[in-house]
Chemist: 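Quick one: structure below, then a few questions.
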2 protein chains.
Amino acid sequence: MPKNLYSDIYHILKGEIDSNVYPPKTILPGEEDLSERFSVTRNTIRRALKKLQEDGLVYTVKGRGVVVLEPIVDNRVMFSASNHFGFLDLMSFPQNKFIKKLTTKVLNFEEVVIDDELSKRTSFGIGDTAYYVERLRIFNGSAMAIDFSYFRKENLPGLSIDDAQGSIYQYIRDEKIFKIAAARSVSTVETVSDRESELLDLKEANCVGVLKRYVYTDLGNLFECTETKYVPNHFSLVGFESY
Amino acid sequence: MPKNLYSDIYHILKGEIDSNVYPPKTILPGEEDLSERFSVTRNTIRRALKKLQEDGLVYTVKGRGVVVLEPIVDNRVMFSASNHFGFLDLMSFPQNKFIKKLTTKVLNFEEVVIDDELSKRTSFGIGDTAYYVERLRIFNGSAMAIDFSYFRKENLPGLSIDDAQGSIYQYIRDEKIFKIAAARSVSTVETVSDRESELLDLKEANCVGVLKRYVYTDLGNLFECTETKYVPNHFSLVGFESY
DNA sequence: GAGTGGTCTAGACCACGGT
DNA sequence: CCGTGGTCTAGACCACTCC
């Protein structure tokens, strides 16, 4: 479906790496060779290679070439910070097929005005109006996470409790209200409050993982601030960086 | 110090955003204007803008322009997955100035052969020899984290306990053994073992944050697998993605 | 020194947003 | 429609790795 040259080339090369045409620790053909093979400029090849590098499949070394990296293994519910548009979309992660049933229970839905303290928590402006939503996430029958969310009302004027029950991102996409531009995330571990320990299936644990996400519209303003608190031992957050 | 055009331009623009020449939610001058201003091609401008976007400072929208994003606030010990070369280098993070004293205690240092089970844990090959190192990290007098590390011996033949006591990455850089190419990380929350709870200053908590990092050499092979277990409430892991 | 990737230029056409 | 960023080409020079 992608009709960009560089994107096509990226997919082809990725397939060849996955199917061991280029095994780990080997060097890919040079950029010059690849441009000949695909009949494009070196520049276009470089964009495809850069995408492979961002995926963590290869690493390029000046003067040597493009090296295929060894793969690693892990087996939990992955929530990669990227491509994570809300909890409901998690089910579409290919690794997460074993989540048979994910339900959402809205615990709280109200309008709040951002005061000094909330502004520190959410980075919203003082005086802004926001929807405050609490949603309990139930995986295969156990309460595995709670989302505490603030949505700026200005950007989502008609939000209802029914939308919150479904996927808010689905709602945004369907209604074409705006586009989501970017997200910043901060991940921490915190000791749990009494209320949280009542709501979540923590077993013996007295801590939760916290993923705080700030989401931007394509006009540059923050429109969502969500803290997801999740139980230990069941979730992984993955990342990749090259230097 | 950087003598690349695009990198210079990136720093200049970043400074202008920080000092509010271009406030949040405004649009930067167009790429054409910027290329005129700096007397470079549009291509070079685009690279600088891409770097700003990777930093999470701006977001570009086709047909509209480059939007400056609103900043957010947070105040913990940051360990960004990127630029994190071992714990000792954490002190060089500008936000982390308040860590006055960080010491390391080596709890264990031995050679191991990777068997089936260790191979699953580390993604190293079966039969490889590795150094296994346990290091306790003490911040301002309290035991805040433990690192459980495996280093492939093949890549680090002469590693001694003294090197482990200092910064292993310092050692690698100084000895110019190889370059570090990339890292994959997986972040989780786990309930704690008895031994860990004895070693760490957990207070009431019975869980730890776990950051598992796989580090690659520039030849494409995995050379380190480290699990850092850290106490709750004191650390943040930051991320940024654009769509 | 031969070959690799890293940077940069000059110019072209397309797709999208706003009017 | 015009102006924006997105993609692509053709060709150049430099810095690095390896032999």
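In what follows, every chain begins at residue 1, and chains take the letters A, B, ... in the order their sequences are listed. Since the structure is predicted, the reported quantities are computational estimates derived from the model, not experimental observations.
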Chemist: Quick check: any donor-acceptor pair below 3.5 Å linking the side-chain of A:Arg42 to the base of D:dG11?
Modeler: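 No pair found.
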Chemist: Return yes if a side-chain donor-acceptor contact under 3.5 Å exists between B:Asp163 and B:Ser160, otherwise no.
Modeler: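 Checked: B:Asp163/B:Ser160 side chains pair up, N/O donor to acceptor below 3.5 Å.
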Chemist: What is the distance from CZ of A:Arg46 to C1' of D:dT7, rounded to the nearest Å?
Modeler: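 Value for this atom pair: 16 Å.
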Chemist: Hey, does the Lys NZ or Arg CZ of A:Arg47 hover above the aromatic six-ring of A:Tyr10, less than 6.0 Å from the centre and inside 45° of the axis?
Modeler: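 No cation-pi geometry.
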Chemist: Assuming nearest nucleotide by heavy-atom distance, tell me which of B:Leu219 and B:Asn43 is located more 5' along DNA chain D.
Modeler: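 Mapping each residue to its closest nucleotide by heavy atoms, the 5'-most match is B:Asn43.
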Chemist: Quick one: B:Glu32 CD to D:dG6 P, roughly how many Å, whole number?
Modeler: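 B:Glu32 atom CD is separated from D:dG6 atom P by 13 Å.
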Chemist: Specify the separation, in whole Å, of atom NZ of A:Lys62 and atom C1' of C:dA2.
Modeler: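 Result: 17 Å.
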Chemist: Measure distances between side-chain N and O atoms of A:Arg64 and base N and O atoms of C:dG3, and say whether any donor-acceptor pair falls under 3.5 Å.
Modeler: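 It does not, because no donor-acceptor pair links the side chain of A:Arg64 to the base of C:dG3 below 3.5 Å.
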Chemist: Roughly, in whole Å, what's the span from OH in A:Tyr59 to P in C:dG5?
Modeler: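 That distance rounds to 13 Å.
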Chemist: Taking only side-chain N and O atoms of A:Thr44, does any of them lie within less than 4.0 angstrom of OP1 or OP2 on D:dT7?
Modeler: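 So the side chain of A:Thr44 is outside the cut-off, no N or O lying under 4.0 Å from OP1 or OP2 of D:dT7.
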Chemist: For A:Arg213 and A:Thr228, does a side-chain donor sit closer than 3.5 Å to a side-chain acceptor?
Modeler: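 Short answer, no.
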Chemist: Nearest whole Å is fine: how far is D:dT9 C1' from A:Leu34 CG?
Modeler: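 Atom CG in A:Leu34 sits about 17 Å away from atom C1' in D:dT9.
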Chemist: Phosphate oxygens OP1/OP2 of D:dG6: is one of them under 4.0 Å from a side-chain N or O of B:Thr60?
Modeler: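 Looking at the OP1 and OP2 atoms of D:dG6, one of them is under 4.0 Å from a side-chain N or O of B:Thr60.
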Chemist: I want to check one thing: is the phosphate of C:dT7, taken as OP1 and OP2, less than 4.0 Å away from some side-chain N or O of B:Tyr6?
Modeler: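 Yes, within the criterion.
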Chemist: The side chain of B:Glu31 lies closest to which of these nucleotides: C:dC8, D:dA15, D:dG6?
Modeler: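 Taking heavy atoms from C-beta onward, the closest nucleotide is D:dG6.
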Chemist: Just N and O in the side chain of A:Asn4: are any of them under 4.0 Å from OP1 or OP2 of D:dT7?
Modeler: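 For D:dT7, OP1 or OP2 has a side-chain N or O of A:Asn4 closer than 4.0 Å.
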Chemist: Any side-chain N or O of A:Arg47 below 4.0 angstrom from OP1/OP2 of D:dT7?
Modeler: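 So the side chain of A:Arg47 is within the cut-off, an N or O lying under 4.0 Å from OP1 or OP2 of D:dT7.
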Chemist: For residues B:Tyr131 and B:Phe109, establish whether the separation of their ring centroids is below 6.0 Å.
Modeler: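 Ring-ring flag for B:Tyr131/B:Phe109: true, centres closer than 6.0 Å.
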Chemist: Grab the CD1-P distance between A:Ile27 and D:dC19 for me, whole Å please.
Modeler: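 Whole-Å distance recorded here is 11 Å.
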Chemist: Describe the nucleic acid contact of A:Leu49 in one word from base, sugar-phosphate, nothing, applying a heavy-atom distance below 4.0 Å.
Modeler: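 A:Leu49: no heavy atom of the nucleic acid under 4.0 Å.
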Chemist: Any base atoms under 4.0 Å from A:Thr41, or only sugar-phosphate, or nothing? Heavy atoms, all strands.
Modeler: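 Since a base atom lies under 4.0 Å of A:Thr41, the category is base.
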Chemist: Closest-nucleotide mapping onto DNA chain D: is A:Val61 or A:Leu5 further toward the 5' terminus? I mean the 5' end.
Modeler: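 Result: A:Leu5.
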Chemist: Nearest whole Å is fine: how far is D:dC2 P from B:Asp33 CG?
Modeler: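 From B:Asp33 CG to D:dC2 P: 18 Å.
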Chemist: Take atom CG of A:Asp218 and atom P of C:dG17, then tell me their distance rounded to the nearest Å.
Modeler: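 Those two atoms, CG and P, are 9 Å apart.
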Chemist: Looking only at heavy atoms, which two atoms of B:Thr104 and B:Arg137 are closest? And how far apart?
Modeler: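 Heavy atoms of B:Thr104 and B:Arg137 come nearest at OG1-NH1, 2.7 Å.
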